[in-house]
Participant: 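Just dropping this structure here.
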Amino acid sequence: MSEQAIVIVGAGHAGGCAASALRAAGHKGPVTLLGIEPHPPYERPPLSKELLQGAVPTEKTYLRPAAWYAEHEVDLRLGAEAVEIDRAAGRVRLADGESVAYDSLLLTTGARPRLLRIPGGEGPRVFYLRDIADSLRLRERLVPDVRFAVIGAGFIGLEVAATAKKRGAAVTVLELAPQVLARVTPPEIADYVGDLHRRNGVVLRTGVAVTAIEESGDHLVIVLKDGERIEADYAAVGIGAVPNIELAQAAGILCEDGVQVDQFGHSSDDRIFAAGDVTRHFNPLVGRYIRLEAWQNAQNQGIAVAKVMAGGTQPFAEVPWFWTDQFDMNLQMAGAPERWDELVFRGEPAERSFTAFHLAGDKVVAVTTVNAIRDMRFGRMLIERGRVVDRALLADKSVKLQDLTK
């Protein structure tokens, strides 16, 4: 396998990490990395935080310096759009008519923002944040006192709201659900995050439905279901993401809310693998197929699958982990439970720092930390090892979490 030609479609975080991991694992054959953007692989979390704020230059988001790829004989082709996979011939056809041969193919095509399907949902003053160009265009408009609306109070929406507020904008967040982070956090934690934004001057409104966005001269009018009209200069939408499965689907590869792969990254075609946001992958620790849109998953699954393609046999099996920075809060979450029975708090949500353990029976199935970074390492270990734990010990801050993992 070390001499095989490997083509990676998608030069994002997962694709860039995979290319690097192939060389680190000793793969000697040709590696071609195809990316539709003009930038080499980069990290996406700064798009809604440091890059949007103007705290770092664009190059600081790159996974590796642009020169690294040529130095390690990775054929990085930017502005190269893959439009067809010819499985029988083992070739990827590009938009310019060229085709690239492969022995093994890795799909790291990522995901794109879910569009707001309402009148005006894609107007020139409405922004979706997925790439560097989006972040830079929006940053130009986030000036002091600009009226800025964010539709959607998930991770991306709230990060953008916090960054916009730091840049001096007057920020209003509109969320359909009755709480922020409704898909991922229980009410106790959602209330904490919502209060954090309100304390920092964000106007946060939950349980409201946006039905239209109208252009009105040099500003927008956001129309709510009850008829209320909210004026803003610009708006950003963060209502989830859609996996870019079209290329795989057209080639007859099994897809279901993502390219379906096993714990090794194998798709329904033995020669084709997938990693990152585009996958619905089997996680042995969780015991089911899941799709994740997370920095950790893009990086570590990209590396793990690349090692398999280079001849390794280790599956990708990690406790899912997410994080977000908003104002002075670092929130981290581990686990992907379908249910839990109760929350046990170490510390209180009224405090600046606390940890919440999600229990199913006597086992920890998820952990959320707020400004308690050290707890996360041991919380993930409790999930991974399936320890039966005493609730009183979990809640007792005088008891070391490390001791509970043994």
Side-chain angles (χ1 to χ4, degrees), residues 13 42-56 58 60-61 110-116 120-177 179-185 190 193-206 208 210 213 219-220 222 230-242 277 293-295 322-331 333:
H13 196 156
Y42 59 89
E43 296 186 333
R44 296 192 185 273
L47 301 186
S48 56
K49 297 185 281 290
E50 298 93 341
L51 187 65
L52 184 61
Q53 188 177 344
V56 298
T58 298
K60 283 290 186 180
T61 68
R112 62 187 181 275
R114 186 180 302 279
L115 300 180
L116 188 60
E122 298 179 60
R125 290 177 172 266
V126 179
F127 291 81
Y128 293 84
L129 196 62
R130 183 55 190 172
D131 56 31
I132 285 175
D134 293 335
S135 184
L136 296 180
R137 283 195 298 267
L138 180 55
R139 188 174 76 187
E140 291 177 359
R141 292 156 175 82
L142 292 180
V143 297
D145 298 324
V146 70
R147 297 171 300 176
F148 182 59
V150 177
I151 300 170
F155 282 134
I156 294 297
L158 292 179
E159 288 174 359
V160 170
T163 301
K165 193 64 185 176
K166 288 179 182 178
R167 287 181 63 86
V171 181
T172 299
V173 175
L174 305 170
E175 167 59 43
L176 177 62
Q179 66 178 56
V180 305
L181 302 176
R183 292 189 303 157
V184 294
T185 62
V193 176
D195 289 343
L196 171 74
H197 278 258
R198 292 186 175 101
R199 289 198 305 272
N200 281 277
V202 173
V203 177
L204 176 60
R205 300 184 58 183
T206 58
V208 295
V210 177
I213 301 176
H219 66 277
L220 299 172
I222 299 172
I230 298 172
E231 293 189 354
D233 297 303
Y234 302 100
V237 179
I239 56 172
V242 179
D277 289 8
E293 300 156 13
W295 177 92
F322 316 82
W323 60 270
T324 180
D325 289 318
Q326 300 168 28
F327 297 111
D328 61 351
M329 178 193 72
N330 171 266
L331 183 149
M333 302 177 61

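For clarity, every value in this text was computed on a predicted model and none was experimentally measured. Just the heavy atoms: all of them, side chains too, but no hydrogens, waters or symmetry mates, feed the values below.
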Participant: Any idea which heavy atoms bring G194 and L204 closest together, and the distance?
Facilitator: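 Result for this residue pair: CA-CD2, 3.6 Å.
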Participant: If I compare all heavy atoms of A161 with all of V173, which pair ends up nearest, and what's the gap?
Facilitator: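 The answer is CB-CG2, 3.7 Å.
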Participant: Checking the side chain of R167 only, and the main-chain atoms of T163 only, is there a donor and an acceptor separated by less than 3.5 Å?
Facilitator: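 Side chain of R167 to backbone of T163: no pair is present.
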Participant: Does a salt bridge link R147 with E231, judged by any charged N lying under 4.0 Å from a carboxylate O?
Facilitator: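 Answer for the salt bridge query: yes.
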Participant: Looking at D325 and E159, what are the two nearest heavy atoms and their distance?
Facilitator: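 In terms of heavy atoms, the two residues are closest at O-CG, 3.9 Å.
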Participant: Treating D134 as the side-chain partner and D131 as the backbone partner, does any N or O pair qualify as donor plus acceptor under 3.5 Å?
Facilitator: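 Side chain of D134 to backbone of D131: a pair is present.
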Participant: What are the two closest heavy atoms between A153 and L158, and how far apart are they?
Facilitator: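 Result for this residue pair: O-CD1, 3.7 Å.
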Participant: Testing L142, V146, V143 for side-chain contact (heavy atoms from CB on, under 4.5 Å) with D233, which one passes?
Facilitator: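 Only one of L142, V146, V143 forms a side-chain contact (heavy atoms from CB on, under 4.5 Å) with D233, namely V146.
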Participant: To the nearest 0.5 Å, what is the distance between CD (Q53) and NZ (K166)?
Facilitator: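 Going from the CD atom of Q53 to the NZ atom of K166 covers 5.0 Å.
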Participant: What distance do H13 atom NE2 and W295 atom CH2 have between them, rounded to the nearest 0.5 Å?
Facilitator: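 The CH2 atom of W295 is 5.5 Å from NE2 of H13, to the nearest 0.5 Å.
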Participant: Would a distance-only check, ignoring hydrogens and angles, find a side-chain to backbone donor-acceptor pair under 3.5 Å from T206 to Q179?
Facilitator: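 Looks like no, no N/O pair under 3.5 Å.
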Participant: Using 0.5 Å steps for rounding, measure from the CD atom of E50 to the OG atom of S135.
Facilitator: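 It comes to 10.0 Å.
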Participant: Taking T58's backbone N and O only, do any of them form a donor-acceptor pair with Y42's side chain (distance below 3.5 Å, no angle check)?
Facilitator: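 It does not hold such a pair.
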Participant: If only side-chain N and O atoms count, and only distance matters, is there a donor-acceptor pair under 3.5 Å linking R130 with Y128?
Facilitator: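 No, R130 and Y128 have no side-chain donor paired with an acceptor closer than 3.5 Å.
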Participant: Check for me whether the distance between the ring centres of Y234 and H219 falls short of 6.0 Å.
Facilitator: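 Ring-ring flag for Y234/H219: false, centres at least 6.0 Å apart.
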Participant: Identify the heavy atoms of A235 and F148 that sit nearest to each other, and give their distance.
Facilitator: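 That would be C-CE1, 4.0 Å.
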Participant: Determine yes or no for a side-chain-to-main-chain donor-acceptor pair under 3.5 angstrom, with R139 supplying the side chain and L52 the backbone.
Facilitator: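 Checking the backbone N and O of L52 against the side chain of R139, no donor-acceptor pair under 3.5 Å is found.
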